**Q** 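What follows is a single structure, and I will ask about it in a moment.
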Number of protein chains: 2
Amino acid sequence: MKRAMKTERSYTRLLDQLRSAGLRLTRQRLALAKLLFGGMERHVTAELLYGEAQAARVPVSLATVYNTLHQFTDAGLLKEIMVDSGRSYFDTNTSHHHHFYCETSGELSDIDGADVAIELLLEPPLGREVSGIDVIVRVK
Amino acid sequence: MKRAMKTERSYTRLLDQLRSAGLRLTRQRLALAKLLFGGMERHVTAELLYGEAQAARVPVSLATVYNTLHQFTDAGLLKEIMVDSGRSYFDTNTSHHHHFYCETSGELSDIDGADVAIELLLEPPLGREVSGIDVIVRVK
DNA sequence: GTGTTTGCAAAGTGTTTGCAATTTA
DNA sequence: TAAATTGCAAACACTTTGCAAACAC
């Protein structure tokens, strides 16, 4: 009962976030949102999410998966991660955090923001302001 | 005279590095090496270097530019940087350092390793060892 | 109903590859 | 001369786009 309520509440919040981003609640967007946000935090590529949608018998095209990932990113529901030129990863964890990236397996895992102490002892280039710091700890 | 000697010395060193990497001293590799290492530290993409080679009337194909960038990277003469999914940057600065990446201009600039104090308060995933830490300070 | 969204297929980008011709050592 | 390298064009992987049909509100 408690679990159901919790799910329901976050689902309502999700709908609000989609609506306030000006996105209609289409079958495809709702299904992809469920795959993305229905469980634990995760890292996906477009191709991976597309595969999951097919496995779940969700009728959606790859083009729509790409569009949706970008729309969700713009809406602040996802965060795009750059670890691999040639492939975009999207992270359902939008809070301040960093990543382990395994060069052997291609696997990506989160590092809580509090678990990295970082200090920049230098000003950014003239006229620029820091918009974020990404730390990628490469492992093998 | 001093300048000539200095140039000559680093050039000799470069040739040694290429040879010890098992790379023959071909016209293309030498010309690309001159473009890459002949001046100050720089960040290039394959396309950019190819353009410069053409401007310098160096007969080289784009495929060879790609091959060469990877061979130089394997030989430790370049470092590959991932800031933009869909495009690889190569850095002639192979020492320990980080980057500013301007999201507005796409410009990349170095941050000396000593100018970033970073501490990882967490063990890497089981069975993995840290092979490097990349810090990208995004600015706009 | 009206404007948005979808799906398809085509086009676009950046990169890699197969292989014959060329070049280096 | 033998082995490595080059250049071309084709193939590749990932992503975006144009547009008619379908859908949400």
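Letters A, B, ... are given to chains in the order of the sequence lines, protein chains preceding strands, and every chain is numbered from 1. Small disclaimer: the values here were computed from a predicted structure and weren't measured.
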**Q** Rounded to whole Å, please give me the gap between CD in A:E80 and C1' in D:dT15.
**A** 11 Å
**Q** Contact between A:L15 and A:L25 at the side-chain level, heavy atoms closer than 4.5 Å - yes or no?
**A**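 Sidechains of A:L25 and A:L15: in contact.
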**Q** To the nearest Å, give me how far apart CG (B:N67) and C1' (C:dG18) are.
**A**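 In whole Å, C:dG18 C1' and B:N67 CG are 12 Å from each other.
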**Q** Do B:R29 and B:L23 have side-chain heavy atoms sitting under 4.5 Å apart?
**A**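 B:R29 vs B:L23: side chains touch.
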**Q** Can you measure A:Y89 atom OH to D:dC14 atom C1' for me and round it to whole angstrom units?
**A** 12 Å
**Q** Give me the residues of residues 18-37 of chain A where at least one heavy atom lies under 4.0 Å from an atom of DNA chain D, by number, or none.
**A**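 The stretch gives A:R24, A:L25 as the residues lying under 4.0 Å from the strand, ordered by number.
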**Q** Can you confirm whether B:I81 sits close enough to B:F90 that some side-chain heavy atom of one is under 4.5 Å from a side-chain heavy atom of the other?
**A**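 SC-SC contact between B:I81 and B:F90 ruled out.
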**Q** Please tell me if B:S85 has a side-chain N or O lying less than 4.0 Å from either OP1 or OP2 of D:dT15.
**A**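 No, because none of the side-chain N or O atoms of B:S85 sits under 4.0 Å from OP1 or OP2 of D:dT15.
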**Q** Return yes if a side-chain donor-acceptor contact under 3.5 Å exists between A:H98 and A:D110, otherwise no.
**A**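 No pair is found: no donor N or O on one side chain lies under 3.5 Å from an acceptor on the other.
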**Q** Using a cut-off of 4.0 Å on non-hydrogen atoms, how would the nucleic acid contact of A:S88 be classed: base, sugar-phosphate, or nothing?
**A**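 A:S88: backbone/sugar contact only, no base atoms under 4.0 Å.
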**Q** Give a yes-or-no answer on whether the side chains of B:D91 and B:H43 include a donor-acceptor pair shorter than 3.5 Å.
**A**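 Result is yes, a qualifying pair exists.
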**Q** Below the 4.0 Å mark, does D:dT16 have OP1 or OP2 next to a side-chain nitrogen or oxygen of A:H70?
**A** yes
**Q** Could you state the CD-P distance from B:Q71 to D:dA4, rounded to the nearest angstrom?
**A** 13 Å
**Q** Write down the distance between CG (A:L62) and C1' (C:dA9), rounded to a whole number of angstrom.
**A**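 After rounding, the reported distance stands at 12 Å.
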**Q** How long is the span from the SG atom in A:C102 to the CZ atom in B:R128, to the nearest 0.5 Å?
**A**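 These two atoms lie 3.5 Å from each other.
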**Q** Would you kindly say whether B:E80 and B:S88 are connected by a side-chain donor-acceptor distance under 3.5 Å?
**A** yes
**Q** Going by heavy atoms closer than 4.0 Å, what residues in residues 46-56 of chain B are next to DNA chain D?
**A**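 Output list: empty, so none.
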**Q** Using only side-chain N and O atoms of B:Y66, determine if any of them is under 4.0 Å from OP1 or OP2 of C:dT15.
**A** yes
**Q** Between atom CZ in B:R87 and atom P in D:dT16, what is the gap in whole Å?
**A**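 Between P of D:dT16 and CZ of B:R87: 13 Å.
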**Q** Closest-nucleotide mapping onto DNA chain C: is B:T45 or A:T64 further toward the 5' terminus? I mean the 5' end.
**A** A:T64
**Q** Can you tell if the side chain of A:I111 reaches within under 4.5 Å of the side chain of B:L122, non-hydrogen atoms only?
**A**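 Result yes, sub-4.5 Å side-chain heavy-atom pair found.
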**Q** I need the B:T92 OG1 to B:L77 CG distance, nearest 0.5 Å.
**A** 10.5 Å
**Q** What I want to check is whether the side chains of B:H99 and B:D134 have a donor and an acceptor closer together than 3.5 Å.
**A**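 On atom types as modelled, these side chains do not qualify, holding no pair under 3.5 Å.
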**Q** Rounded to whole angstroms, how far apart are CE on B:M82 and P on C:dT15?
**A** 11 Å
**Q** Could you state the interatomic distance from CE (A:M82) to CZ (B:R87), rounded to the nearest 0.5 Å?
**A** 12.0 Å
**Q** Assess the side chains of A:T64 and A:Q28: does a donor N or O sit below 3.5 Å from an acceptor N or O?
**A** no
**Q** Would you tell me if any nitrogen or oxygen in the side chain of B:S61 comes within less than 4.0 Å of OP1 or OP2 on D:dT6?
**A** no
**Q** Mind pulling the stems DNA chain D is in, i.e. runs of at least three Watson-Crick or G-U pairs, everything under 3.5 Å?
**A** C:1-25 with D:1-25
